[in-house]
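Chain identifiers are assigned alphabetically (A, B, ...) following the order of the sequence lines, protein sequences preceding nucleic acid strands; residue numbering begins at 1 within each chain.
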Amino acid sequence: MSQLISRFAKGLLVLAGTLVVAFVLVLLLGWREHAATLLAGSGSHQDALRGALFIGAHLASVLLVPALLLAAALHTLASRLFGPERIRSKALPTVKG
Amino acid sequence: MDLLRRLLLATTCLIVGFALWLPCIRLLYPAPTRDLAFVAEQHQRLSRPDPVGLSRLRRANPEWALMARTLAGAALARQILRARTSLPRAAAGQLEARLLPRLDALVERVLRLERQHGFQHFLLAYGRRGRWRQRPPRSQFVDGELAWLIGLRRRVRDDSPRLRRAFRQRVQAIVTRMKHSPTLSAESYPDECWTFCNTIALAALKLAERLDGADTAGLPQRWVALARRRLVDRRTGLLVSSYHLDGRVRDGPEGSSLWLSITMLRQVDRAFARDQYRRARRHLGRTVLGFGFAREWPAGARRARRDVDSGQPIPLLGASPSSSGFALWAARAFDDRSFARDLARSLELAGYPIKTAAGRRFAASNAVGDAVLLLAASESPLEES
């Protein structure tokens, strides 16, 4: 399985997963309610920070995660078609002994 | 060479990934079409005499304690009036029976607060300290909004001699102060006139002409004529947002004031208002990847400074939540359907809608924002676009 995905693509998948986990976490913590604090400029600094983290995590999940997944898929495909890994894998013997 | 090739491949994949994804995001956030349902859900939250979270909001800005109620009351009045022409008579009557007591409760609450604490209850702290140029001190912010709200209530049903009297007294005070001002404008704060407040006052004067045949000394038309000469920004042609009583400009055009002012001026001079809308659309309105927003200041504006009205503009884009909210109302009022749809889509993305037992609300909004959205929804329906 690990050979199916390029190293760069794995990095992208880890980054995408981290962003999703961060978003789910701030969502579960109920920090969505603090979005108004940040945007309206009212409330405590702590609430504004929570609002900023929620908005950042949400926008990152919406804007970045699908694009990272697409890039990972494209990179894996391109590596297998044109990359050195394909050349190396061709050179390897397919039969033991 | 191999490293360069790998870097090139990785970069290309990232660029292609983003290029494929970003134009598709809009598909996840279709503009809401269930307008009336949205409005009905918001009634429960907004039409309380003390909207949710208002005491906290008042600590940040006492003006919002008046604005949230005035704008919510205006939205209720507009819906009753709109229902009379768009719904069967029985349905319109039922809606009126439901909404009118809520409108009355809002009117009574603001009048009582003003009676108990004085007009300065609704002003920022410096409204108590500075030297008012016009005597006796009054705030056009409070007078204009209250006159407009009571006037709209009377347009729905003119059945209260007490409200009639209160409206006429306030209109008289507005006319007297504007007539004797070198800029045909009254102070909202000591030696501070705001276009926002004065255009709401003008809308109230137009209501007075309509309801009572009041003599407003031609102030609405005279104000627009003066504004064309002295209260527009030279570079953009947009109305400035605040000025001294003698006409010296304090703040240039600001989205959080301008969109509402333009919407109010529809009642006074439709051609001027439409011209201002077109300019605001050009200098403040933006659409990126199908998502609309409005800037607080025109690009390259000097003296742009963040304040409690502008809120926190979003970095890089310069998008202002308050300017964008008022822009949605203006876009619908001026029948700019594509911009209204783009703004509504942004609301779905960045407003963080929450469905609760009490209805749907936006986590990123507050009582003032909710009232502005309700007013926007009271204009021409999005589903026609």
Shortest non-hydrogen contact between [X] and [Y], atoms and distance:
{"X": "A:R32", "Y": "B:P353", "result": "NH1-O, 3.7 Å"}
{"X": "A:H75", "Y": "B:A10", "result": "CD2-CA, 3.8 Å"}
{"X": "B:Y352", "Y": "A:L59", "result": "OH-CG, 4.5 Å"}
{"X": "A:L74", "Y": "B:G17", "result": "CD1-N, 4.0 Å"}

Side chain from CB out, backbone as N, CA, C, O: work out which of these in B:L14 comes under 4.5 Å of a heavy atom of chain A, or both, or neither. both

With the side chain counted from C-beta on, respond yes when [X] and [Y] share a heavy-atom pair under 4.5 Å apart, and no when they do not.
{"X": "B:L349", "Y": "A:H58", "answer": "yes"}
{"X": "B:L7", "Y": "A:F8", "answer": "no"}
{"X": "B:R6", "Y": "A:R7", "answer": "yes"}

Checking an interface table here. Which of residues 63-70 of chain A come within a heavy-atom distance under 4.5 Å of chain B? A:L63, A:L64, A:P66, A:A67, A:L68, A:L70

